[in-house]
Amino acid sequence: MPALDLSTLNPPQRDAVTTQHGPLLVLAGAGTGKTRVITFRIAELIRRGVSPERILSVTFTNKAAKEMLERATHLLGNKGARKKPVISTFHSLCVRILREEIETLGYPSRFAIYDRGDQESAARTALREVRVADKAMRPPDLLNVISKWKMAGIPPERAADFVENDQEFLAAVAYRKYQKNLRSSGAVDFDDLLLLTDHLFQTNPEVLKRQQQKFDYVQVDEYQDTNGVQFRLVEALVAPHKNLCVVGDDDQSIYGWRGAEVEHILGFDRHFPGAKVVRLENNYRCTDQILDLANRLVKHNVGRYDKTLIAHKSSEHPVRFAEFESEVEEAEKLVAEIKYLIEEKNFPASSIAILFRTNEQPRVFETELRRMDIPYVLVGSQSFFDKKEVRDLMAYLKALAFPQDDISLMRIINTPTRGIGASTVEKISTRAVQQGSHFFEAVDTSLKAGDISQKAADSVRSFQRLLETFRGRTQSEVHRLSDLVHELIKTIDYDSEICRQYKDEAQQIARKEVLEGLVSSVSDYVQQAEKPSLYEFIENSALGARDDESNKEDLLSGQGVKLMTLHSAKGLEFPWVYLVGLEEGYLPHRRSVEDGSRKAIEEERRLAYVGITRAKDYLTISRAGTRKKWGKKRLSLPSRFLHEMKGETAPPEVAAAIAFAED
DNA sequence: AAGGAGGGTTTTTTT
DNA sequence: AACCCTCCTT
């Protein structure tokens, strides 16, 4: 654990950071010790007698929250051991508030939180219900549009007025279905958590007052990434005292597509008059060459605070630019070098990171790393919870915990196959919609109406009984929840399902191990939980806040080469970094280029900036001349950012291609 | 209803 | 190359 050291701040800055009252904006560039500022402030406030639980710090990821808590606890030593400062993500904070205020809500007292996978299923169902052809709009696209509307406070009924193109017209119709289905399943998505809390604050002064009284000091990390709803929540919480300290860097705003608005950080002193502004421009992370490159690149952005970070470390090694024939060669050559570094130079694998723009890119590197027997960790979205088996089993657990959750039920009703075919499901569902009931309540009607056979009805009912039995037991035998999950897997005979699906024996074993992993994480959860419940386990999983899992991740991350997207690399640093795939269409991404707006390209440029500034000592930036896409080899041109950061003009063929794409 | 073959489509980024 | 959907046979 690095010692906390504010010697990097000059005295007025130090005073400002520890100012006890009023709004404070810390504009901190990359590598200037942003997070340290918050941790230091927490410790300082506590030292001055503020009770730890009255200090709220909000981060964007659970990982960041956990790390901050560890640092703060460490800093406080034994003194802080009894009470802890509150550190949480926006989403966990909202869940807590909603749970506390559940009585006032008028919403079902139990609600399922849908994770990304659930949201996609719900989106797919909605699209189907409004008969949108699959190719007209994909579930993820629908979710993006819905999220945009939700963050702008636009409800389903009014979405039609805000439609900007044909696709959004379809989305507006599907949005209504999506929200209706979620509500009838007793579920909320990530955005709803924020929206409901916001709504609660706006409409219920007592609730707001109660929540306001909980905290005397509020701090927000990565403030450049707050969206409209998050801004309103913060504003509401600090309204009585305005003791708000935000930390961020407008050059690292990379979540515009999720509704983040840089205006929040740029206009902080307008929103909070009298705000103190502290600028941190001394970079202690990167060598001067790395920083030069980053500075030169980001200067091409127009909408930003003009600032130049000052390096405090001189370069031992120049930044390298590598070019390869294909993406395969890129992976082979770079991994060969990594092998050399680890084996010959005793470089710890964990100090090396490979950063890329999209989730498709790490594949080649994974193959190569595995071939070379180098330990690696793929950090990010394609995680444990995205595996099909886990999602199936989680759907079972959700169906158990939430009897009205028909969306989860649909996922598992015939998985593994149990004689409930598509047409049976279709017919019962239609009846259910007609009579405005849940799926199981429509079985009788369907049978009487002659929609389905007696045999089909029996299969459905017997599955319903199975669920009910387990549902009862998850409550009465909650202390042995993991045994129950194990028993459930045996009862539904999921193992046979795996064997049927995967012919390869190694695959079968791997998949079964995944399931065992889930069972053991349930068991870990039950052990560490104060008052274990199936609901809480599901909730933790959705929010990605499961202790056991992140511990495992930490354990792993100590060992391997890290592979991650630029988005997940935000806030991290590594001694040795490969920034790969610097090609037009990837960075900047094709979709942003096609968008054509300066804003879109500037966000891509900030992504590249984030990538460069992750490197402490060594940076290699690489590109491939060809790249396989959809099984076909295609020419890949060097990214415009390469030329910008080197201070060159793009060669004619690249410039022509850029101009062509922008037309 | 289940399973397999064949055909078409796909890849931003994430709490 | 991998996935999902549809259609066809059993």
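Since we're looking at a predicted model, the values are computed, not measured. These numbers come from the heavy atoms of this one structure, side chains and all, not from hydrogens, waters or symmetry mates.
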Should the pair [X] and [Y] be assigned to parallel (<30°), tilted (30 to 60°) or perpendicular (>60°) ring geometry?
X	Y	result
His589(A)	Tyr586(A)	perpendicular
Phe90(A)	Phe60(A)	perpendicular
Tyr175(A)	Trp149(A)	parallel

Can you sort out the partners of Asp493(A) under salt bridge (charged side-chain N to carboxylate O under 4.0 Å, His left out), two or more places apart, ordered by chain and number?
-> none

Please list, chain by chain and in numerical order, all residues satisfying salt bridge (charged side-chain N to carboxylate O under 4.0 Å, His left out) with Arg461(A), sequence neighbours excluded.
->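 Checked Arg461(A) against salt bridge (charged side-chain N to carboxylate O under 4.0 Å, His left out); matches are Asp444(A).
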
Shortest side-chain distance from [X], nucleotide among [options]:
X	options	answer
Ser423(A)	dT14(B), dA1(B), dC5(C)	dA1(B)
Arg258(A)	dT15(B), dG3(B), dT13(B)	dT15(B)
Arg128(A)	dC5(C), dT11(B), dT15(B)	dC5(C)
Arg363(A)	dT13(B), dA2(C), dT15(B)	dA2(C)

Describe the nucleic acid contact of [X] in one word from base, sugar-phosphate, nothing, applying a heavy-atom distance below 4.0 Å.
X	answer
Tyr255(A)	sugar-phosphate
Asn414(A)	sugar-phosphate
Asn144(A)	base
Phe60(A)	sugar-phosphate
Arg606(A)	nothing

Would you check if Trp257(A) stacks with the base of dT13(B), given a 5.5 Å centroid limit and a 30° plane limit, both strict?
->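 So Trp257(A) counts as stacking on the base.
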
For His567(A) and Tyr255(A), what are the C-alpha separation, side-chain angles and deciding distance, and is it a ring-ring contact (aromatic ring centres under 6.0 Å, His included)?
-> CA-CA 8 Å; His567(A) 283 87; Tyr255(A) 283 97; 5.2 Å; yes

Taking OP1 and OP2 of dT13(B), is either one under 4.0 Å from a side-chain nitrogen or oxygen of Ser568(A)?
->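 For dT13(B), neither OP1 nor OP2 has a side-chain N or O of Ser568(A) closer than 4.0 Å.
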
Ignoring backbone atoms, test whether Thr565(A) places a side-chain nitrogen or oxygen under 4.0 Å from the OP1 or OP2 oxygen of dT14(B).
-> yes

Would you tabulate the pairs of protein nitrogen or oxygen atoms and nucleotide nitrogen or oxygen atoms of nucleotides 7-10 of chain C closer than 3.5 angstrom?
none

Distance-only side-chain donor-acceptor flag, Asn540(A) / Tyr525(A), under 3.5 Å =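 Judged by distance alone, the side chains do not pair up.
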
